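All figures in this text were calculated on a predicted structure; none of them were measured in a lab.
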Amino acid sequence: MPRLSEVIAALDALWPAERAESWDAVGTVTGDPDQQVTRVLFAVDPVQEIVDEAVKLGADLLVTHHPLYLRGTTTVAATHFKGRVVHTLIKNDIALHVAHTNADTADPGVSDALAGALDLRVTGPLVPDPTDPAGRRGLGRLCALDHPETVREFAARAARRLPATAQGIRVAGDPEALVRTVAVSGGSGDSLFDQVRAAGADAFLTADLRHHPVSEARAHSPLALLDAAHWATEWPWCELAASQLDEISDRHGWDLRVHVSKTVTDPWTAHAASPPSDPLGAPN
């Protein structure tokens with residue numbers, strides 16, 4: 001059985017902390033470097049529900065995409081929900097390790113997993129990492145469809161292939177426009193519209209799209225925008241990351257048991273569809 005320090009070294013080789021954004025908080029949050037690791041759980045969010053799942057599973061290590069403390073704190077008291085997470089982890093000898101923006105730009109990374117879930121062929125990074133001579137790392141991915149689809153058909157594909165959420169897939173653009181090339185970016189992506197347009201993509205699938213950036217993007221070009229739930233665009237990475245650790249475990253003879261949480265931690269829990277549009281327009 002490997003020690004936590006050995007497993008963390010392997011994870012750091014996949015997602016080096018120095019490749020995280022300067023504002024990010026990645027790396028090991030709890031855990032004794034000398035503790036043994038036999039079971040690992042991957043999840044998107046380090047929330048209490050996931051930590052309780054790790055306890056029930058008997059996991060020694062929880063790896064999440066989102067940080068527990070993205071900003072500084074002065075307390076880990078259990079009177080706060082994040083403090084309760086820390087207390088639960090430590091009481092049950094569970095280490096927590098975070099790979100966030102360093103996993104976003106990895107090769108393969110979060111957007112590769114998203115493209116794979118959508119059955120898209122990756123042609124390269126949307127925003128290449130200038131430090132990667134191979135030109136494979138970077139933020140987002142440019143992808144090709146094997147056969148053109150309408151925006152409506154591509155949105156239906158995304159709704160079928162991504163984990164189900166209350167939001168589903170929102171679309172901005174002509175539903176009947178043809179899609180041949182797609183840009184994808186797991187997580188919040190409305191800061192990337194300029195790069196998507198420059199790449200000549202027909203559609204961009206990401207999450208957390210806001211009214212004004214979308215309105216302005218639609219005024220710039222016919223680019224179709226598809227807005228999925230943030231959690232749903234990043235959950236496929238958990239399966240990719242778990243398979244990477246499985247391969248490392250096999251290579252080293254560690255015999256780790258690696259699991260992916262299927263608990264939906266998207267905060268939106270219900271969706272009420274609007275009735276058919278009134279021909280007189282929106283209410284005053």
If you group Ile, Leu, Val, Met, Phe, Trp and Tyr by side-chain heavy-atom gaps below 4.5 Å, do Leu226 and Leu162 land in one group?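 Both belong to a single hydrophobic cluster.
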
Q.
Using the rule that Ile, Leu, Val, Met, Phe, Trp and Tyr join whenever any side-chain heavy atoms are under 4.5 Å apart, tell me whether Trp231 and Ile50 fall into a single cluster.
A. no

Any side-chain heavy-atom pair from [X] and [Y] closer than 4.5 angstrom?
{"X": "His66", "Y": "Pro46", "answer": "yes"}
{"X": "Thr131", "Y": "Arg137", "answer": "yes"}
{"X": "Asp174", "Y": "Pro222", "answer": "no"}
{"X": "Tyr69", "Y": "Val76", "answer": "yes"}
{"X": "Thr64", "Y": "Leu62", "answer": "yes"}
{"X": "Glu176", "Y": "Arg152", "answer": "yes"}
{"X": "Val260", "Y": "Trp235", "answer": "yes"}
{"X": "Phe193", "Y": "Leu225", "answer": "yes"}

**Request:** State whether Asp60 and Arg39 are salt-bridged, where the test is any N-O pair (Lys NZ or Arg NE/NH1/NH2 against Asp/Glu carboxylate O) under 4.0 Å.
**Result:** no

May I ask you to say whether Glu247 pairs ionically with Arg251, meaning some side-chain N is under 4.0 Å from a carboxylate O?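 Between Arg251 and Glu247 there is a salt bridge, with a charged N closer than 4.0 Å to a carboxylate O.
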
So does [Y] get a backbone contact from the side chain of [X], meaning a donor-acceptor N/O pair under 3.5 Å?
{"X": "Ser5", "Y": "Asp34", "answer": "no"}
{"X": "Thr233", "Y": "Thr206", "answer": "no"}
{"X": "Glu234", "Y": "His65", "answer": "no"}

Exercise. In terms of the angle between their ring planes, are His100 and Trp23 parallel, tilted or perpendicular, with boundaries placed at 30° and 60°?
Worked result: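 Ring orientation of His100 relative to Trp23: perpendicular.
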
Exercise. Are Ser261 and Glu53 linked by a side-chain donor-acceptor pair shorter than 3.5 Å?
Worked result: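 Yes.
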
Would you tell me whether Asp24 and Thr101 have side-chain atoms, one donor and one acceptor, within less than 3.5 Å of each other?
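Checked: Asp24/Thr101 side chains pair up, N/O donor to acceptor below 3.5 Å.
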
### Query
side-chain contact (heavy atoms from CB on, under 4.5 Å) with Leu120: which of Leu142, Leu145, Leu205?
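Between Leu120 and the candidates, side-chain contact (heavy atoms from CB on, under 4.5 Å) is satisfied uniquely by Leu145.
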
Are more than 12 heavy atoms, taken from residues, nucleotides or ligands other than Arg197, located less than 6.0 Å from that residue's CZ atom?
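Buried by this count: over 12 neighbours within 6.0 Å.
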
| request: Could you walk me through whether Thr88 and Gln48 pass side chain to side chain donor-acceptor pair (under 3.5 Å), step by step? | output: CA-CA 8 Å; Thr88 305; Gln48 189 68 46; 3.2 Å; yes

Once you round to the nearest 0.5 Å, how far does [atom1] of [X] lie from [atom2] of [Y]?
{"X": "Leu14", "Y": "Leu245", "atom1": "CG", "atom2": "CG", "result": "8.0 Å"}
{"X": "His97", "Y": "Leu4", "atom1": "NE2", "atom2": "CG", "result": "9.0 Å"}
{"X": "Gln167", "Y": "His230", "atom1": "CD", "atom2": "NE2", "result": "11.5 Å"}

